[in-house]
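All figures in this text were calculated on a predicted structure; none of them were measured in a lab. Letters A, B, ... are given to chains in the order of the sequence lines, protein chains preceding strands, and every chain is numbered from 1.
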Protein chains: 2
Amino acid sequence: MRKENSTNSINERYLHKKCALNVAIDIIGVRWASQIIFSISQGVNRFHLLKEELPNISEQVLSRKLKILEKQKIIIKTIIPDSTPIGVRYILTSRGEDLLPIFENICEWGKSYSLDFEN
Amino acid sequence: MRKENSTNSINERYLHKKCALNVAIDIIGVRWASQIIFSISQGVNRFHLLKEELPNISEQVLSRKLKILEKQKIIIKTIIPDSTPIGVRYILTSRGEDLLPIFENICEWGKSYSLDFEN
DNA sequence: CTGTATCCCCAACGATACTG
DNA sequence: CAGTATCGTTGGGGATACAG
């Protein structure tokens with residue numbers, strides 16, 4: 001349960017109000033989120049495929065992250081019809097698609113660290 | 001002290017190796033970092049000015065963040081000559097400047113949440 | 001004015017077992 | 001196949017006092 005009056009929460013709200021940049025950062029800046037969005041855009045769009053692609057993520061965490069991204073309207077969960085056992089496919093919303101060119105830019109920028117990463 | 005063999009650290013290294021996107025996200029995705037970079041670019045480039053601009057940040061945290069950004073070669077600390085008491089000015093490196101257009105894009109994207117933020 | 005030292009909190013992250 | 005329940009761990013974020 002979240003403590004709405006902790007300094008943590010107060011600062012979070014302060015930053016969100018200050019600039020939408022911070023809103024966006026709090027969405028894409030948590031662990032796995034960006035990688036999951038990118039993977040889904042590449043066609044890695046099912047639960048077990050994501051588990052294979054990201055072997056270090058636990059089912060618990062993957063499930064949690066997918067649910068959050070769905071709530072944020074970045075991905076949509078669709079049931080694959082006539083499948084046994086039940087199958088699920090995740091696809092990006094237009095809001096999610098809009099992130100892809102941004103990720104390209106961020107990725108380019110991050111590459112400057114691949115060289116001197118261990119300083 | 002950081003536990004280099006915690007799953008947390010292992011996953012961090014895994015993601016960094018997977019894609020530079022995750023390297024960049026871990027730099028700009030922590031609290032205050034993006035806002036500090038943006039503020040400095042706007043001329044809010046001194047310790048006490050940043051404290052005024054971000055009243056909810058403690059000196060401890062601001063100091064810590066500035067040091068990290070300096071280590072990441074995103075900002076540079078310059079001593080203001082002939083000042084008593086000692087004065088310090090922070091400026092962006094070219095690596096820091098490169099972030100500004102990216103921030104513009106992220107901010108634009110984030111604005112779509114200002115509407116339905118409390119869902 | 002620009003920090004550092006010390007200590008604490010708590011929310012994200014993760015492991016494991018279980019389920020429709 | 002696609003999750004959820006439960007609980008333990010970690011480390012970033014923060015408060016306060018002090019220092020050059």
Is the positively charged end of Arg89(A) above the ring of Phe47(A), judged by distance under 6.0 angstrom from the centroid and angle within 45° of the axis?
no
Contact residues, residues 56-69 of chain B to DNA chain C [heavy atom, < 4.0 Å]
Glu59(B), Gln60(B), Ser63(B), Lys67(B)
Atom CZ of Phe47(A) and atom C1' of dA2(D) are separated, to the nearest Å, by 6 Å
Whole angstrom is fine here: how far is it from CD1 in Ile79(B) over to P in dC1(C)?
15 Å
In whole angstroms, how far is the C1' atom of dT2(C) from the CD1 atom of Ile75(B)?
13 Å
What residues form a side-chain hydrogen bond (donor to acceptor under 3.5 Å, both in side chains) with Gln60(A), not counting sequence neighbours?
Arg64(A)
Tell me whether the side-chain N/O atoms of Arg46(B) come closer than 4.0 Å to OP1 or OP2 in dT2(C).
yes
Does dG11(D) have OP1 or OP2 sitting under 4.0 Å from an N or O in the side chain of Ser9(B)?
yes
Find the distance Ile10(A):CD1 to dC9(C):P and express it as a whole number of Å.
17 Å
Hey, does the side chain of Trp32(B) come within less than 4.0 Å of dG12(D)'s phosphate (OP1/OP2), counting only N and O?
no
OP1 or OP2 of dG3(D) versus the side-chain N and O atoms of Tyr90(A): is any pair under 4.0 Å?
yes
Respond yes when some side-chain nitrogen or oxygen of Lys77(B) is under 4.0 Å from OP1 or OP2 of dG3(C), and no when none is.
yes
Under a 4.5 Å cut-off applied to non-hydrogen side-chain atoms, are Tyr14(A) and Pro55(B) in contact?
yes
Would you say the side chain of Glu53(A) lies within less than 4.5 Å of the side chain of Lys18(B), judging by non-hydrogen atoms?
yes
Checking Leu49(A), Val44(A), Leu50(A) against Arg46(A) for side-chain contact (heavy atoms from CB on, under 4.5 Å), the one that qualifies is Leu49(A)
Name the residue closer to the 5' end of DNA chain C, choosing between Ile86(A) and Arg2(A) according to the nucleotide with the nearest heavy atom.
Arg2(A)
Please compare Asn11(A) and Ser6(B) by the position of their nearest nucleotide in DNA chain D and report the one closer to 5'.
Ser6(B)
Can you find a pair of side-chain heavy atoms, one from Phe103(A) and one from Ser34(A), that are under 4.5 Å apart?
yes
Looking at every strand, decide which applies to Lys3(A) at a 4.0 Å heavy-atom threshold: base, sugar-phosphate, or nothing.
sugar-phosphate
For atom CG of Asn5(A) and atom C1' of dC10(C), their distance in whole Å
15 Å
Under 4.0 angstrom between Thr7(B) side-chain N/O and dT9(D) OP1 or OP2
no
Length of the CG-C1' vector between Asp26(A) and dA12(C), whole Å
12 Å
Chi angles and distances behind the side-chain hydrogen bond (donor to acceptor under 3.5 Å, both in side chains) call for Glu97(A), Thr93(A):
CA-CA 6 Å; Glu97(A) 300 272 5; Thr93(A) 64; over 6 Å; no
d(CG, Leu54(B); P, dT2(C)) in whole Å:
14 Å
Atom CD1 of Ile36(A) and atom P of dG3(D) are separated, to the nearest Å, by 12 Å
